Protein chains: 2
Amino acid sequence: MPFHDGFFHHNLQFSRSFTKKLNEQLAKVDLFHSQWLIVFYLNQYGCSTLVEISNYLDVEKPTVTRTVNRLEERDLIEQVPGKDKRERRIQLTESGVRTFHEAKKVVEEFERQLMSGMAQEDLEVTQRTLMFLKEKLKQL
Amino acid sequence: MPFHDGFFHHNLQFSRSFTKKLNEQLAKVDLFHSQWLIVFYLNQYGCSTLVEISNYLDVEKPTVTRTVNRLEERDLIEQVPGKDKRERRIQLTESGVRTFHEAKKVVEEFERQLMSGMAQEDLEVTQRTLMFLKEKLKQL
DNA sequence: ATAAAATAGTTACCTAGGTAACTATACAAC
DNA sequence: GTTGTATAGTTACCTAGGTAACTATTTTAT
């Protein structure tokens with residue numbers, strides 16, 4: 001089975017298509033999917049550093065810096081003073097929390113539509129497989 | 001099951017990680033994964049237009065234009081005269097065919113390592129699931 | 001035959017990922 | 001306490017995806 005007619009080809013196409021459609025939906029609340037991921041994380045885990053976000057999302061630090069800057073420009077997050085002067089601790093503002101709740105509805109509806117009609121077992125196998133492959137990639 | 005601790009989160013992380021590692025491997029033959037996809041396609045299907053490539057890869061035309069330009073600058077592809085003056089028909093050069101064969105080895109070895117130890121059935125379920133979800137996204 | 005619509009491709013500009021090299025602070029070893 | 005090392009974050013620059021708007025052709029309808 002060659003790569004391109006096969007497994008990875010479909011996976012990449014799905015990922016692109018997924019983020020595209022999610023971005024379309026999130027436009028309703030004026031967010032991009034990468035911004036949503038950080039807003040979600042901050043709502044879940046509270047005040048955090050960029051490195052914590054970077055580790056959670058498995059995305060490099062410069063990418064996090066950029067997206068966080070965008071969120072700050074839009075006053076969805078704010079600086080939190082801390083002891084370690086290297087760190088940049090941030091949290092959601094009131095406006096950020098409001099945006100989170102609005103976006104949550106949009107994302108949940110999007111997922112609901114996408115998941116309807118899917119066999120639960122297939123989803124579990126798929127998720128397990130992807131996690132397995134992700135781990136293997138790390139060891140490469 | 002919330003989005004971020006779940007299915008889509010893992011899928012996006014896997015895709016990022018996968019292309020990252022594939023790029024590392026393809027650096028051996030001085031290619032990026034997006035370039036490899038086009039080189040592969042041209043080797044498989046011969047002389048093609050950018051729209052044909054765009055449809056096959058499910059990537060927008062401007063993205064294809066850019067990557068094709070890079071390949072042309074490096075003399076891996078060449079223009080093919082045609083009837084329709086709107087079209088830009090291209091094919092692999094001799095150098096492009098050579099690069100294809102070198103890259104093919106690299107990619108196949110990469111895939112072999114990644115796939116070893118995977119249950120064939122799980123892969124099939126995963127691929128089927130991703131294709132199913134991809135189709136559903138289109139209808140959204 | 002001509003006007004309208006569709007198609008192929010490009011350009012400009014946006015988000016989003018990556019690496020390499022850098023600064024500034026904190027920590028550890030001696 | 002000074003020196004070396006590790007950590008947090010940023011900057012600059014690369015590929016890679018997207019949209020919107022455009023040009024230049026071709027096809028279709030009338």
Side-chain angles (χ1 to χ4, degrees), chain A residues 9 11-27 30-39 47-74 77 79-90 137, chain B residues 9 11-27 30-39 47-74 77 79-90 137:
Chain A
H9 193 47
N11 185 49
L12 292 182
Q13 284 190 356
F14 170 70
S15 292
R16 274 201 305 270
S17 190
F18 176 81
T19 59
K20 200 167 158 179
K21 293 286 185 181
L22 181 54
N23 275 333
E24 278 176 28
Q25 294 302 310
L26 283 171
D30 205 22
L31 278 184
F32 290 98
H33 89 280
S34 61
Q35 298 174 340
W36 159 244
L37 291 173
I38 291 179
V39 167
C47 172
S48 310
T49 68
L50 301 210
V51 165
E52 284 162 359
I53 295 171
S54 169
N55 289 336
Y56 173 74
L57 295 179
D58 192 23
V59 154
E60 298 299 324
K61 292 185 294 175
T63 305
V64 175
T65 296
R66 189 210 293 138
T67 306
V68 162
N69 285 344
R70 297 265 191 285
L71 291 172
E72 194 162 37
E73 284 163 18
R74 295 190 40 206
I77 60 166
Q79 203 97 12
V80 176
K83 198 184 168 190
D84 191 330
K85 284 178 195 167
R86 293 171 303 179
E87 288 179 349
R88 181 176 171 191
R89 300 200 79 85
I90 56 170
L137 276 173
Chain B
H9 193 47
N11 185 49
L12 292 182
Q13 284 190 356
F14 171 69
S15 292
R16 273 202 305 272
S17 190
F18 176 81
T19 59
K20 200 167 156 179
K21 293 286 184 181
L22 181 54
N23 275 333
E24 279 176 26
Q25 294 303 309
L26 283 171
D30 204 23
L31 278 184
F32 291 97
H33 89 280
S34 61
Q35 298 174 340
W36 158 245
L37 290 172
I38 291 179
V39 167
C47 172
S48 310
T49 68
L50 301 210
V51 164
E52 284 162 1
I53 295 171
S54 169
N55 290 334
Y56 174 74
L57 296 179
D58 192 21
V59 154
E60 299 298 324
K61 292 185 294 177
T63 305
V64 174
T65 296
R66 189 211 293 137
T67 306
V68 161
N69 285 344
R70 298 264 190 286
L71 291 172
E72 193 162 37
E73 284 162 20
R74 294 188 42 207
I77 61 168
Q79 203 98 10
V80 175
K83 197 183 168 190
D84 190 331
K85 284 177 195 165
R86 290 171 305 179
E87 286 180 351
R88 182 176 171 191
R89 300 200 79 86
I90 56 169
L137 276 173

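All values reported here derive from a predicted model rather than from experimental measurement. We name chains A, B, ... by the order of the sequence lines, and we start the count at 1 in each one.
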What is the nucleic acid contact for [X], judged by heavy atoms within less than 4.0 Å: base, sugar-phosphate only, or nothing?
X: Val64(B); answer: nothing
X: Thr65(A); answer: base
X: Arg70(B); answer: sugar-phosphate
X: Thr19(A); answer: nothing
X: Thr63(B); answer: base

Could you tell me which residues satisfy salt bridge (Lys or Arg N to Asp or Glu O under 4.0 Å) with Glu60(B), sequence neighbours excluded, listed by chain and number? Lys20(A)
Checking Asn23(B) now: which residues fulfil side-chain contact (heavy atoms from CB on, under 4.5 Å) with it, not counting sequence neighbours? Phe32(B), His33(B)
Test of understanding: with side-chain contact (heavy atoms from CB on, under 4.5 Å), list the residues that count as partners of Glu87(A), not counting sequence neighbours. Thr49(A), Asp84(A), Arg89(A)
Can you tell me how far the [atom1] atom of [X] sits from the [atom2] atom of [Y], to the nearest 0.5 Å?
X: Thr67(B); Y: Ile77(B); atom1: OG1; atom2: CD1; result: 10.0 Å
X: Ser48(B); Y: Arg88(B); atom1: OG; atom2: CZ; result: 13.0 Å
X: Arg16(B); Y: Leu12(A); atom1: CZ; atom2: CG; result: 12.5 Å

In the structure I gave you, are the side-chain heavy atoms of [X] and [Y] within less than 4.5 Å of one another anywhere?
X: Leu137(B); Y: Phe14(A); result: yes
X: Arg74(B); Y: Leu31(B); result: yes
X: Leu57(A); Y: His9(B); result: yes

Tightest non-hydrogen contact, residues Val80(B) and Ile90(B), listed as CG2-C, 4.2 Å
In short, Val64(B) meets Leu50(B) closest at the heavy-atom pair CG1-O, 3.9 Å
Which nucleotide span of DNA chain C, 5' end to 3' end, has atoms closer than 4.0 Å to non-hydrogen atoms of chain B? dA6(C) to dT19(C)
Could you pick out which residue, Glu24(B) or Glu52(B), lies toward the 5' side of DNA chain C when each is mapped onto its nearest nucleotide? Glu52(B)
Compute the bend angle of the helix from dA1(C)-dT30(D) to dC30(C)-dG1(D) from the end axes (five pairs per end), rounded to 10°. 20°
Specify the residue among Arg66(A) and Asn69(A) whose closest nucleotide of DNA chain D lies further upstream toward the 5′ end. Asn69(A)
Which residue lies toward the 5' end of DNA chain D, Lys20(A) or His33(B), if each is placed at its nearest nucleotide? His33(B)
So if I take residues 79-90 of chain A and measure heavy-atom distances to DNA chain D, which residues fall below 4.0 Å? Arg86(A), Glu87(A), Arg88(A)
